[in-house]
Amino acid sequence: MSVYNFRLIEKKWQEYWSKNNTFKVEVDSSKPKFYVLDMFPYPSGAGLHVGHPISYIASDIYARYKRHKGFNVLHPQGYDSFGLPTEQYAILTGQHPEKTTKININRYRNQLDKMGFSYDWSREIRTSDTDYYKWTQWMFILLFNSCYDLNLDRAVNINKLVKIFKNQGNENINFYCEENILKFTSKDWDSFSKQKKEEILQKYRLAFISYTEVNWCEKLGTVLANDEIVNGVSERGGFEVTKKKMEQWSIRIGAYAERLLSGLKKIEWSDSIKDIQKNWIGKSTGYSLSFKIYNSKSELQVYTTRPDTIFGVSFLAVSPDHELISQLTIDKYKKNVDSFVKSFKLKSERDILTKINNSSGIFTGSYAIHPLTGNKIQIWIADYVLSSYGYGAVMCVPCGDERDFKFAKKYKINIINIFKNINISTKPHTEKIYDELINSDFLNGLNYEEANQKIGLKLEKNNIGFKNVKYKIRDSVFSRQRYWGEPIPIYFKNGIPHSLKKDDLPLKLPVIKNFLPTPEGNPPLGNAKIWAWDEKKRIVVDKKYIDNINIFPLELSTMPGWAGSSWYFNRYMDPKNKLNFVGSRELNYWKEVDLYIGGIEHASGHLLYSRFWQKFLYDFNLVPTDEYAKKLVNQGMILGNSAFIFRTSKSNTYISKNLVNDNQYERVRVDISLVNENDELDIEKLKKWLPEFKDANFKLENGKYIVAREIEKMSKSKFNVINPDDICKKYGADTLRLYEMFLGPIEQSKPWSMSSISGVHNFLKKTWKLFHLRDNFEISKNDPSVNSLKSLNKAIKKVNEDIQKLSFNTCISSLMICVNELLDQKCNSLVILKPLLILISPFAPHFSEELWSLIGSKSTIANEKFPDHDDSYLIELTKNYPISFNGKLRFKKELSMDLSNESIEKIIMSDKKTNFYLNGQKPKKIIIIKGKIINIVV
RNA sequence: GCUCGGGUGGUGGAAUUGGUAGACACGUUGGACUUAAAAUCCAAUGACCAUUGCGGUCGUGCGGGUUCAAGUCCCGCCCCGAGUACCA
């Protein structure tokens with residue numbers, strides 16, 4: 001009896017690969033390059049589950065395929081070892097993050113090696129290594145010392161701006177800045193204090209510090225970026241997030257909004273991810289208008305995308321933290337306004353979410369003048385107006401906007417209808433489609449397009465407003481009040497931030513005992529004794545010397561998780577370089593990632609930040625392309641099948657699923673290893689699992705305890721994790737790899753189920769059998785039959801196409817068909833053996849390489865050439881197609897002609913290269929169904 | 001609410017982009033081998049009707065339409081998933 005002994009095979013080749021560095025690559029200009037990248041994992045404590053490798057398997061198949069195709073393939077792996085998840089795990093287990101990181105990485109590596117990936121491990125990187133984060137810090141300094149020149153549309157050194165200020169003040173400058181800065185001359189600039197100068201420069205720096213409102217998460221003890229908050233709570237842990245004003249570092253990603261948007265056109269990323277990024281950037285084109293305030297010299301700026309509705313404006317609204325509030329509020333209303341503003345500031349992120357569509361506000365007592373009608377209109381403070389978008393003030397058109405409508409109804413403000421034949425008594429008309437405007441002076445009678453154009457011209461002509469583009473994307477908060485991250489290389493001299501220099505780096509994370517965050521937001525680095533900067537000696541020294549003349553406090557917060565992951569793909573090209581973040585020879589050879597595979601959950605986080613970061617580096621000629629990944633594929637998640645048992649309230653009795661008839665039960669998660677595939681619970685195992693179940697009682701149905709199931713995200717805390725190690729042990733790595741690819745399309749999420757794993761395992765066994773008789777390698781020496789070659793060439797063609805499309809499930813299907821057909825024909829010849837092995841090898845690397853060695857090939861399969869299919873075997877099929885013609889021929893349109901059976905046969909025989917003409921035209925397509933000609937398309 | 005995806009057998013999923021729907025695999029049923037089990041192999045397997053045979057009808061969420069031909073295109077609904085959320 002023959003045995004497919006995957007254990008022996010896999011062990012042998014894993015050892016061979018690591019001993020021989022089989023997958024090590026170097027720059028080789030004689031070969032075309034190809035760069036296949038996985039999103040590197042966070043080494044969290046839970047280890048890998050079967051969901052993780054799905055993308056690694058896909059990328060590994062592609063990398064192996066490309067090697068066969070003659071490419072020099074860069075396929076590296078590393079660890080995103082800084083950041084919240086690692087630190088949370090460290091805190092949870094009471095160990096230092098440095099230690100847990102090492103342990104976790106070893107565990108990951110062990111698991112990865114078992115699955116036979118073809119990574120070049122000599123290029124491994126860890127974001128928490130000083131040799132790595134030195135460069136992250138260096139890039140931060142570069143951001144700090146840069147501003148965005150809108151004329152050149154790129155980042156430039158801040159000194160350029162300083163020079164301009166010195167020579168001509170800030171009149172007529174075109175640098176990216178969201179705030180209005182008072183005009184000053186070159187003389188003014190010279191007279192400004194250092195502090196004042198820096199205050200102005202901070203508005204332009206791409207990395208800057210400011211006292212701003214941030215998302216504060218008390219439980220995590222840190223601020224969070226917008227993309228780290230989901231449904232009003234923290235993404236990690238699901239804790240409450242509130243607003244808090246704090247001194248923070250931020251990155252001016254908004255300067256790159258337009259380029260981040262337009263760059264999407266040149267990359268092959270999925271539409272869904274492009275949509276998410278487009279939404280996140282949120283470009284809109286509208287008009288900035290200024291409303292004069294009645295009895296005042298001030299003006300109120302608003303932004304609108306609907307200038308056509310300007311005659312429907314019946315009030316203005318400003319956000320509760322608008323800078324003009326104190327000026328606008330008249331004494332009579334002051335008390336009420338103050339208390340309204342105060343209560344608004346106490347609201348948490350989640351409060352605001354639940355208050356949507358139930359907005360409230362208060363009248364300031366002052367009025368603005370409508371720029372076209374001259375009417376007096378009320379100015380309100382409304383909590384639905386966002387301070388961070390536009391000018392924090394809006395013109396309100398109740399007849400055309402849902403929020404304005406509700407607000408006007410609630411506070412009984414006048415509603416003007418400007419749409420002819422549209423009833424707005426119960427709901428506003430929010431669409432841009434209407435027949436005619438009314439009550440709109442010179443816009444009366446016009447539709448949307450006409451009105452929009454006419455009002456635009458008028459606004460600009462009368463200097464009321466100007467066309468303006470706005471983006472939703474906000475500055476990204478860059479400080480984390482956490483320990484386990486890159487220290488921000490900044491020290492403060494008289495309150496002014498100064499960056500370290502390149503030679504000062506790395507600024508090493510100090511070793512401290514107490515690295516827990518504090519609820520007040522004091523960063524753990526505040527606990528470090530040796531954490532002050534000696535400007536003269538350029539070293540870190542004890543804080544007690546801070547009163548000395550050259551010694552200054554260092555920044556206490558660290559960088560967020562996305563800092564290190566925003567440029568790691570460049571470091572893989574040259575990971576050991578001491579002089580530069582990557583060498584120019586390597587950079588010019590590898591250039592960019594050709595295929596990037598990873599989860600879609602990073603769409604508005606890592607995948608956006610890294611594009612920004614790359615563009616920034618590109619602006620300084622540090623990288624050759626401004627988009628780092630040509631093609632991106634998002635793999636779907638593998639979901640777990642959690643199990644629940646039911647506890648009667650306040651007792652220790654558990655009752656079987658179908659006996660539960662009311663809500664008097666608590667659902668309790670149990671580990672899925674305690675449950676078999678028929679949902680029966682192993683009660684004895686459960687009792688040993690956790691002490692709380694030791695003395696539990698159970699109510700059974702038909703002598704069994706049946707659990708409830710639920711499909712959800714795979715996670716250790718949900719006790720629904722399947723460990724790939726267990727599957728490797730039972731079926732082998734090749735079966736696991738094949739199976740994960742066979743489950744369905746790579747992009748799709750799917751629940752894990754073991755039910756059909758025997759199918760792919762059988763396929764491997766059959767392939768083995770194709771070349772073995774009993775335990776001995778044995779193949780026929782006969783020439784292959786035509787049918788065998790047909791099957792083989794069909795498979796070669798399909799496999800080629802499918803791998804390129806990353807359609808691995810259909811690819812495996814065609815391999816299964818091929819092997820089945822070859823088994824039937826019992827024609828196992830060397831001629832077909834070679835190409836078949838290469839076909840299978842990207843999926844089952846150990847298995848086929850074992851066969852290579854058996855047939856005596858000296859080379860490893862990595863060097864074999866992927867076969868091309870031979871068309872002549874495929875055309876054969878067409879020739880044998882049964883042809884008969886009876887009945888009427890029907891043609892499209894006026895075409896008609898008589899065809900005999902014979903002439904049709906001719907058409908078919910000559911295939912697409914036919915010389916047959918129909919009414920002087922060459923047929924595009926001849927449709928034959930069940931041997932009958934249905935139609936000829938010309 | 002808005003913006004994207006997507007609804008195909010008992011299950012996971014195919015379908016050359018408008019051309020024989022259900023490939024491939026799981027599961028199920030029957031059979032062979034076996035003292036027996038496992039393993040392996042063979043056959044059947046969308047539903048319904050007809051079965052001695054041939055065969056027939058209906059079938060890709062629902063309702064219409066275009067076409068010789070629709071899972072695929074168009075119009076109107078229903079449901080599921082993802083992203084986003086007072087963005088003026």
Side-chain angles (χ1 to χ4, degrees), chain A residues 1-3 226-227 230-232 270-284 286-287 289 302-307 309 313 316-317 319 352-353 355-359 382-386 388-397 400-404 406-407 430 470-474 600-601 603-604 634 636-637 738-739 742-745 747-763 765-766 769 797-798 801 807 809-818 820 823 888-893 925-937:
Chain A
M1 204 175 73
S2 68
V3 181
N226 286 342
D227 67 280
V230 178
N231 295 326
S270 73
D271 287 340
S272 60
I273 206 150
K274 285 185 181 180
D275 274 330
I276 293 172
Q277 296 208 344
K278 272 182 212 162
N279 279 335
W280 195 264
I281 295 166
K283 182 180 182 174
S284 72
Y287 279 82
L289 307 176
V302 302
Y303 176 73
T304 181
T305 53
R306 293 292 304 276
T309 62
V313 174
L316 299 185
S319 73
I352 293 168
L353 276 175
K355 286 264 160 63
I356 285 181
N357 288 328
N358 187 18
S359 41
D383 61 4
Y384 73 85
V385 181
L386 297 174
S388 49
Y389 185 73
Y391 302 102
V394 292
M395 62 174 220
C396 301
V397 185
D401 184 280
E402 194 78 44
R403 296 150 299 171
D404 299 348
K406 277 191 180 147
F407 196 83
T430 54
K470 294 274 175 203
Y471 301 91
K472 280 194 234 173
I473 194 168
R474 310 282 157 79
I600 195 158
E601 65 271 21
S604 52
N634 300 115
M637 229 188 314
L738 269 171
Y739 183 55
F742 191 63
L743 275 171
E747 289 99 341
Q748 211 166 85
S749 289
K750 48 234 152 192
W752 177 261
S753 128
M754 290 283 281
S755 64
S756 57
I757 197 164
S758 60
V760 286
H761 193 62
N762 265 343
F763 162 68
K765 284 199 244 175
K766 277 185 197 168
K769 254 203 228 163
K797 185 166 187 241
K798 191 83 166 76
E801 289 167 359
S807 172
N809 54 333
T810 55
C811 185
I812 295 169
S813 293
S814 48
L815 279 172
M816 285 175 171
I817 296 169
C818 179
N820 273 336
L823 267 179
K888 276 182 198 164
L889 258 188
R890 288 194 282 189
F891 295 101
K892 231 175 194 169
K893 306 277 155 60
K925 218 184 205 179
I926 300 157
I927 294 143
I928 311 154
I929 293 169
K930 293 193 178 173
K932 289 178 194 168
I933 290 198
I934 303 297
N935 195 11
I936 298 179
V937 183

Check this one for me: any side-chain N or O of A/Tyr303 less than 4.0 Å away from OP1 or OP2 of B/C87? no
When the distance from NZ of A/Lys750 to P of B/G5 is rounded to whole Å, what number comes out? 19 Å
Separation between NE2 of A/His761 and CD1 of A/Ile757, rounded to the nearest 0.5 Å: 8.5 Å
Contact class for A/Pro745 vs. all strands (heavy atom < 4.0 Å): base, sugar-phosphate, or nothing? sugar-phosphate
Of A/Met395 and A/Ser272, whose closest RNA chain B nucleotide lies nearer the 5' terminus? A/Ser272
Which part of the nucleic acid does A/Val385 contact within heavy-atom distance under 4.0 Å: base, sugar-phosphate only, or nothing? base
Closest contact, heavy atoms only, A/Val385 versus A/Val394: CG2-CG2, 3.9 Å
Answer syn or anti for B/G65, where the cut-off is 90° from 0 on the glycosidic torsion. anti
Over-ring placement of A/Lys406 relative to A/Tyr384, 6.0 Å and 45° cut-offs: no
Would you give a per-nucleotide map of nucleotides 24-29 of chain B, 5' to 3', where B means the base has a protein non-hydrogen atom under 4.0 Å away, S means only the sugar-phosphate does, and - means neither? BSS---
Distance between the C1' atoms of B/U72 and B/G19, in whole angstroms? 11 Å
Do A/Arg403 and B/C87 have a side chain to base donor-acceptor pair shorter than 3.5 Å? no
Using atom P in both nucleotides, what's the gap between B/A14 and B/U29 to the nearest angstrom? 27 Å
At under 4.0 Å between heavy atoms, what does A/Ile276 touch on the DNA or RNA strands: base, sugar-phosphate, or nothing? sugar-phosphate
Expressed as a whole number of Å, how far does the P atom of B/C42 sit from that of B/C33? 16 Å
Measure CG/A/Leu743 against P/B/A14 and give the value in whole Å, please. 12 Å
Whole angstrom value for the distance that separates P of B/C4 from CG of A/Asp271: 10 Å
Partners of A/Ser604 by side-chain hydrogen bond (donor to acceptor under 3.5 Å, both in side chains), sequence neighbours excluded? none
Name all residues meeting the side-chain contact (heavy atoms from CB on, under 4.5 Å) criterion together with A/Ser813; count only those two or more places apart in sequence or in a different chain, and write none if there are none. A/Phe742
Can you see whether A/Ser758 engages A/Tyr739 through a side-chain donor-acceptor pair at a distance of less than 3.5 angstrom? no
Within less than 4.0 Å of OP1 or OP2 of B/A88, is there a side-chain N or O belonging to A/Ser284? yes
When rounded to the nearest Å, what value does the distance between P atoms of B/G9 and B/G46 take? 13 Å
Kindly say if A/Lys765 contacts the phosphate of B/U40, meaning a side-chain N or O under 4.0 Å from OP1 or OP2. yes
Salt bridge (Lys or Arg N to Asp or Glu O under 4.0 Å) with A/Glu747: which residues, sequence neighbours excluded? none
Would you kindly give the NZ-to-C1' distance between A/Lys278 and B/C4, to the nearest whole Å? 10 Å
Counting distance only, does the side-chain N/O of A/Lys750 pair as donor-acceptor with the main-chain N or O of A/Pro745 below 3.5 Å? yes
Roughly how many Å apart are B/C41 and B/C78, using the C1' atom of each and rounding to a whole number? 47 Å
Sticking with atom C1', work out how far B/A23 lies from B/U11, rounded to a whole angstrom. 16 Å
What interatomic distance, in whole Å, is found between P of B/G18 and the corresponding atom of B/G71? 13 Å
Looking at residues at least two apart in the chain, or sitting in another chain, which of them share a salt bridge (Lys or Arg N to Asp or Glu O under 4.0 Å) with A/Arg474? none
A/Thr305 backbone acceptor or donor facing A/Tyr287 side chain under 3.5 Å: no
Round to the nearest Å and state the distance from A/Lys472 atom NZ to B/C87 atom P. 8 Å
Every stem of 3 or more Watson-Crick or G-U pairs under 3.5 Å that RNA chain B joins, in order of first number, is B:1-7 with B:78-84, B:10-12 with B:24-26, B:27-32 with B:40-45, B:46-49 with B:55-58, B:61-65 with B:73-77
Is a side-chain donor-acceptor pair under 3.5 Å present for A/Ser284 with A/Tyr471? no
Atom pair distance, as rounded to whole Å: CG in A/Leu823 and C1' in B/U40: 12 Å
Rounded interatomic separation in angstrom, taking CD from A/Glu601 and P from B/A82: 13 Å
When the C1' atoms of B/C73 and B/G1 are considered, how many whole Å apart are they? 29 Å
Quick check for you: among B/G13, B/U40, B/C87, whose closest atom lies nearest to any side-chain atom of A/Gln748? B/G13
I want to confirm an ordering. Mapping A/Asp275 and A/Ile600 to their closest nucleotides on RNA chain B, which one lands closer to the 5' end? A/Asp275
Among B/C86, B/A85, B/C87, which nucleotide has an atom closest to any side-chain atom of A/Asp383? B/C86
Just to confirm, is there a sub-4.0 Å distance from OP1 or OP2 of B/G12 to any side-chain nitrogen or oxygen of A/Asn809? no
Rounded distance (Å) that lies between atom P of B/C2 and atom CG of A/Asp401: 14 Å
For B/U35, is chi within 90° of 0 (syn) or not (anti)? anti
Of all heavy-atom pairs linking A/Asn279 and A/Lys472, the shortest is O-NZ, 3.9 Å
